[in-house]
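Below, all heavy atoms of this structure are taken into account, side chains as well, without hydrogens, waters or symmetry copies.
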2 protein chains.
Amino acid sequence: MKIDDAAAHLEALGNPTRLKIYRALIRAGGAGLAVGRLQEKLKIAPSTLSHHIKALVVVGLVTQVRDATTLICHANYEVMRELVGFLVAECCTESAETKDTKTAA
Amino acid sequence: MKIDDAAAHLEALGNPTRLKIYRALIRAGGAGLAVGRLQEKLKIAPSTLSHHIKALVVVGLVTQVRDATTLICHANYEVMRELVGFLVAECCTESAETKDTKTAA
DNA sequence: TCTATATTTCGATAATTCTAGAAATATAGT
DNA sequence: ACTATATTTCTAGAATTATCGAAATATAGA
């Protein structure tokens with residue numbers, strides 16, 4: 001992961017509303033959560049919610065699958081693992097140097 | 001760590017310039033790096049750099065120690081570890097639930 | 001096709017952030 | 001006190017982001 005990508009992911013998560021959305025999706029597990037369910041939980045305007053979800057989708061932290069009129073959102077664990085991997089490798093220890101930051105699969 | 005604190009830390013790191021500042025400080029190790037050295041490395045206006053450093057200091061990710069006319073910046077590993085701990089505990093696995101997210105020391 | 005539900009897009013405003021030049025401040029040497 | 005170096009604060013403009021109501025779109029059932 002390149003540093004600008006990492007910054008983009010961090011920025012996406014660096015908003016209280018978006019972090020709460022993401023955490024709710026994590027807690028929902030593999031079943032995911034419909035946009036409407038998120039809206040009930042977070043109690044923000046649908047348009048505002050849609051705006052924030054899109055920010056998470058654009059960087060790949062969240063994916064969406066349609067089920068009839070409902071859109072189910074899923075947290076993308078793999079992308080989060082890559083981000084955490086980057087932080088641990090590049091930003092946590094003194095030994096951090098320019099190396100490939102790949103996920104330890 | 002509370003979710004709003006985590007969001008604040010993520011927001012601080014969620015800017016390419018600030019993430020580069022932070023990474024440079026990590027790479028500098030325990031000796032830290034003077035503001036002026038950061039300015040040479042990143043080649044941005046001093047006032048802009050100061051602005052970004054402050055954003056990192058405010059959330060505790062960076063600390064500063066004065067050495068005569070020079071200000072040495074240090075990455076605060078502990079705060080980063082807490083943040084990563086939060087992400088791993090709350091945002092990485094399906095088992096994430098409402099628990100205390102303390103650093104595993 | 002008409003209706004209902006779910007969600008997004010549009011449009012507009014308020015608020016925040018980024019950027020950087022100029023001036024101010026801090027520290028120390030002469 | 002004067003000078004030099006290092007850094008911050010002030011100020012301001014441009015750009016981006018957050019918010020939300022209203023309208024538009026997507027899907028499916030009657």
Side-chain angles (χ1 to χ4, degrees), chain A residues 3-25 28 31-76, chain B residues 3-25 28 31-76:
Chain A
I3 194 162
D4 283 357
D5 291 326
H9 286 102
L10 292 165
E11 181 180 39
L13 292 171
N15 169 281
T17 299
R18 284 196 297 270
L19 189 54
K20 282 163 193 161
I21 291 170
Y22 188 81
R23 188 179 57 169
L25 294 179
L33 213 51
V35 173
R37 297 297 81 66
L38 280 168
Q39 208 253 306
E40 289 168 3
K41 273 180 185 284
L42 303 175
K43 300 182 199 309
I44 55 181
S47 55
T48 303
L49 177 60
S50 185
H51 164 77
H52 285 303
I53 290 175
K54 186 196 274 185
L56 291 166
V57 169
V58 161
V59 299
L61 279 160
V62 167
T63 57
Q64 292 178 308
V65 173
R66 182 172 282 279
D67 175 18
T69 61
T70 297
L71 258 183
I72 313 286
C73 303
H74 297 268
N76 186 333
Chain B
I3 195 162
D4 284 357
D5 291 327
H9 287 100
L10 291 165
E11 181 180 38
L13 293 171
N15 169 282
T17 299
R18 284 196 296 271
L19 189 55
K20 282 163 194 161
I21 290 170
Y22 188 81
R23 187 179 58 169
L25 294 179
L33 213 51
V35 173
R37 296 296 81 66
L38 279 169
Q39 208 254 307
E40 289 168 3
K41 274 180 185 285
L42 303 175
K43 300 184 198 308
I44 56 179
S47 55
T48 303
L49 177 60
S50 186
H51 164 77
H52 285 304
I53 290 175
K54 187 195 274 186
L56 291 166
V57 169
V58 161
V59 298
L61 280 160
V62 167
T63 58
Q64 293 179 305
V65 173
R66 182 172 282 280
D67 175 18
T69 60
T70 297
L71 259 184
I72 312 286
C73 303
H74 298 268
N76 186 333

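- Per the geometry, CD1 belonging to B:I72 stands 14 Å off P belonging to C:dT27, to the nearest Å.
- Once rounded to the nearest 0.5 Å, the distance linking CG of B:L38 with CD1 of B:I72 reads 9.5 Å.
- A 4.5 Å side-chain heavy-atom check between A:I53 and A:Q64 finds at least one atom pair inside the cut-off.
- In this structure, A:L71 atom CG and C:dT7 atom P are separated by 6 Å, rounded to whole Å.
- Listed nucleotides D:dA26, D:dA22, D:dC10 differ in distance to B:S47; the shortest reach to its side chain belongs to D:dC10.
- Proximity of B:K54 to the phosphate of D:dT7: no side-chain N or O atom is located under 4.0 Å from OP1 or OP2.
- Side chains of A:K20 and B:D4 form a contact here, defined as non-hydrogen atoms less than 4.5 Å apart.
- The residue A:A55 sits apart from the nucleic acid: no heavy atom pair falls under 4.0 Å.
- When rounded to the nearest whole Å, the span between CD1 of B:I53 and C1' of C:dA20 equals 15 Å.
- Nearest to the side chain of A:T48, among C:dT17, D:dC20, C:dA20, sits D:dC20.
- Side-chain proximity of A:A45 to D:dT27, D:dG21, D:dT5: nearest is D:dG21.
- Defining each end axis of the helix from C:dT1-D:dA30 to C:dT30-D:dA1 as the rotation carrying four pairs' C1' atoms onto the next four, with five pairs an end, the two axes are found to diverge by 10° to 10 degrees.
- Nearest nucleotide to the side chain of B:P46, out of C:dT5, D:dT8, C:dT17: D:dT8.
- Regarding A:K43, its NZ atom lies at a distance of 14 Å from the P atom of D:dC20, rounded to whole Å.
- Residue A:N15 places at least one side-chain N or O under 4.0 Å from the OP1 or OP2 atom of D:dA18.
- A:V59 has its side chain out of reach of A:E11: every pair of non-hydrogen atoms, C-beta onward, lies at least 4.5 Å apart.
- The CG-P distance, from A:L49 to C:dT7, rounds to 9 Å in whole Å.
- Residue A:S50 is in base contact, counting any heavy-atom pair closer than 4.0 Å across all strands shown.
- Atom OG1 of A:T63 and atom CG of A:L25 lie 9.0 Å apart (nearest 0.5 Å).
- For the pair B:L42 CG and C:dA20 P, the computed distance is 12 Å after rounding to whole Å.
- Side-chain contact between B:C73 and B:V35 is present, with heavy atoms from C-beta onward closer than 4.5 Å.
- Looking only at side-chain heavy atoms (C-beta outward), A:H51 and A:K54 stay at 4.5 Å or farther from each other.
- Atoms NE2 (A:H52) and P (C:dT8) sit 13 Å apart, rounded to a whole Å.
- The side chain of B:T69 approaches D:dT5 more closely than any other nucleotide in the set C:dT8, D:dT5, C:dT19.
- Backbone-only contact: A:T70 has heavy atoms under 4.0 Å from sugar-phosphate atoms and none from a base.
- Within the nucleic acid shown, A:R18 comes within 4.0 Å of sugar-phosphate atoms alone, with no base atom in reach, counting heavy atoms only.
- Following rounding to the nearest Å, A:L56 (CG) and D:dT17 (C1') show an atom-to-atom distance of 14 Å.
- Remark: A:Q64 is in phosphate contact with C:dT8, judged by side-chain N or O atoms under 4.0 Å from OP1 or OP2.
- Between A:K41 and A:L33, some side-chain heavy-atom pair lies under the 4.5 Å cut-off.
- Neither OP1 nor OP2 of D:dT9 sits under 4.0 Å from any side-chain N or O of B:H51.
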